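Single-structure report; data block below.
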Amino acid sequence: MLAAGGLVVFPTETVYGLGADATNDAACARIYAAKNRPDFNPLIVHVLDAADAGRFVEFTALGQKLIDVFWPGPLTVVLPRRTDCALSRLVSAGLDTAAIRAPSHPVGRALLAKSNLPIAAPSANRSGHLSPTHAEHAALSLPGPAAGGPQLVLDAGPCGVGLESTVVDATGSKPVILRPGGVTAERIAAVTGSVAEADPADLDQPRSPGMLARHYAPTKPLRLMAVDARPDEALLAFGPDAPAKAAGPCLNLSPGGDLIEAAANLFAMLHDLDESDAAAIAVMPVPETDLGQAINDRLRRAAEGSKEPAG
Ligand code: TXA
Ligand code: MG
């Protein structure tokens with residue numbers, strides 16, 4: 001089911017996860033749709049061990065140290081994506097880092113080993129609901145398989161930790177805790193010597209831990225609600241009404257107007273157009289329904305971000 005792009009609920013030692021093949025853009029887009037999230041928060045990628053993680057992210061000395069001590073277990077490290085990283089850009093929400101962890105739960109590990117895939121998984125609950133520590137809570141919170149929910153729920157009884165993993169930014173020389181969780185700051189400090197406080201500017205809402213404010217934004221200005229591209233603009237189109245011929249580079253999020261396809265393509269297409277010769281990117285309107293809300297949220301943030309001076 002994972003290899004075919006489906007969603008599978010599985011147990012970890014912290015909470016049940018809503019899993020998808022982390023290299024499959026459409027499968028990752030389905031996670032957001034099933035959770036009914038109005039925004040794209042980056043997702044944790046689950047792997048078996050450090051060797052697996054090394055296929056996707058660059059290890060810093062700090063990251064290596066944390067992984068040596070705390071894996072497998074409830075510690076997620078944020079590290080730079082490798083240039084040849086096969087993970088969907090959606091799991092990173094466009095950022096050049098990925099959050100990665102090796103769970104210790106035997107059933108979660110068996111799924112990783114059998115599928116031989118990195119598994120993107122947020123907690124298996126509808127947005128705004130509690131993170132599920134029981135399989136039946138996950139099943140009750142999410143839509144059924146016919147409505148875009150998980151095709152399978154692997155029930156292994158209650159989760160042991162019951163608290164999500166600690167998310168640590170390990171890209172620098174000091175660990176920065178982005179979300180407190182199963183591994184305490186004291187235990188991390190005992191290994192690394194110190195722990196830096198997260199800059200409140202990096203947290204969307206300091207009271208809701210783990211929410212990132214530092215969003216991906218293209219370097220080129222974005223012009224939203226465009227019907228066509230101006231001569232010096234690239235066009236990010238949507239739907240069947242896109243202009244047949246654009247002067248500059250043009251990519252269509254979904255020629256058929258499918259929002260899951262559009263979400264799957266969003267970050268990769270923004271990156272591609274940002275690397276084109278165009279001076280700016282014109283973006284056609286995307287409907288404000290279902291995943292369109294998350295797409296528009298991210299486009300608006302990107303348009304705002306690209307107006308701000310660098311630094
Ligand atoms: O215990 C857990 O961590 C559970 C189980 C299923 O493993 N998973 C979970 O995943 O809570 P999720 O996707 O709900 O949590 C992702 C957290 C968010 O706080 C997000 O902001 C942060 O990790 N995160 C993910 N990628 C990031 C990145 N590239 N940079 C910074 N933070 C990131
Ligand atoms: Mg959650």
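All ligand and atom numbering here is 1-based and tracks the order in the structure. Since the model is a prediction, treat every value here as computed from it, not as a measurement.
- With hydrogens and angles disregarded, a donor-acceptor distance shorter than 3.5 Å links the side chain of Lys220 to the backbone of Asp274.
- Each of the following atoms of ligand 1 lies closer than 4.0 Å to a heavy atom of Leu178: 31 (C), 32 (N).
- Tyr16 has its ring centre no less than 6.0 Å from the ring centre of Phe10.
- Residue Tyr16 has no nitrogen or oxygen atom sitting less than 3.5 Å from a nitrogen or oxygen atom of ligand 1, judged on distance alone.
- Of the N or O atoms in Arg179, one or more lie within a sub-3.5 Å distance of an N or O in ligand 1.
- With atom 3 (O) of ligand 1 as the reference point, the heavy atom nearest to it among Ala98, Ala93, Pro80, Ser165 is part of Ser165.
- Within ligand 1, the atoms closer than 4.0 Å to a non-hydrogen atom of Asn41 are 18 (C), 20 (C), 21 (O), numbered from 1 in the order shown.
- Judged as a side chain to side chain donor-acceptor pair (under 3.5 Å), and not counting sequence neighbours, Asp277 has no contacts.
- Of the listed residues (Pro42, Ala121, Gly19), the one carrying the non-hydrogen atom nearest atom 27 (C) of ligand 1 is Pro42.
- Evaluation of the salt bridge (charged side-chain N to carboxylate O under 4.0 Å, His left out) rule for Arg230 yields no partner, not counting sequence neighbours.
- Counting only non-hydrogen atoms, the option in Gly17, Ala99, Gly94, Ala120 that gets closest to atom 25 (C) of ligand 1 is Ala99.
- The proximity of Ile44 to ligand 1, defined as any non-hydrogen pair under 4.0 Å, involves the side chain as well as the backbone.
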Taking it one step at a time, do Gln293 and Asp297 satisfy side-chain hydrogen bond (donor to acceptor under 3.5 Å, both in side chains)?
CA-CA 6 Å; Gln293 285 180 55; Asp297 170 74; over 6 Å; no
Do Arg223 and Ile281 pass the side-chain contact (heavy atoms from CB on, under 4.5 Å) test, and can you show the C-alpha distance, the side-chain angles, and the key distance before you say yes or no?
CA-CA 6 Å; Arg223 185 169 66 85; Ile281 304 171; over 6 Å; no
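- Taking a cut-off of under 4.0 Å to the non-hydrogen atoms of His46, the atoms of ligand 1 that pass are 5 (C), 6 (C), 7 (O).
- When Val9, Ile100, Thr97 are ranked by how near their heavy atoms come to atom 28 (C) of ligand 1, first place goes to Thr97.
- Residue Asp169 does not touch ligand 1, judged by heavy-atom distances below 4.0 Å.
- In the displayed structure, Leu140 atom CG is contacted under 6.0 Å by more than 12 heavy atoms of other residues, nucleotides or ligands.
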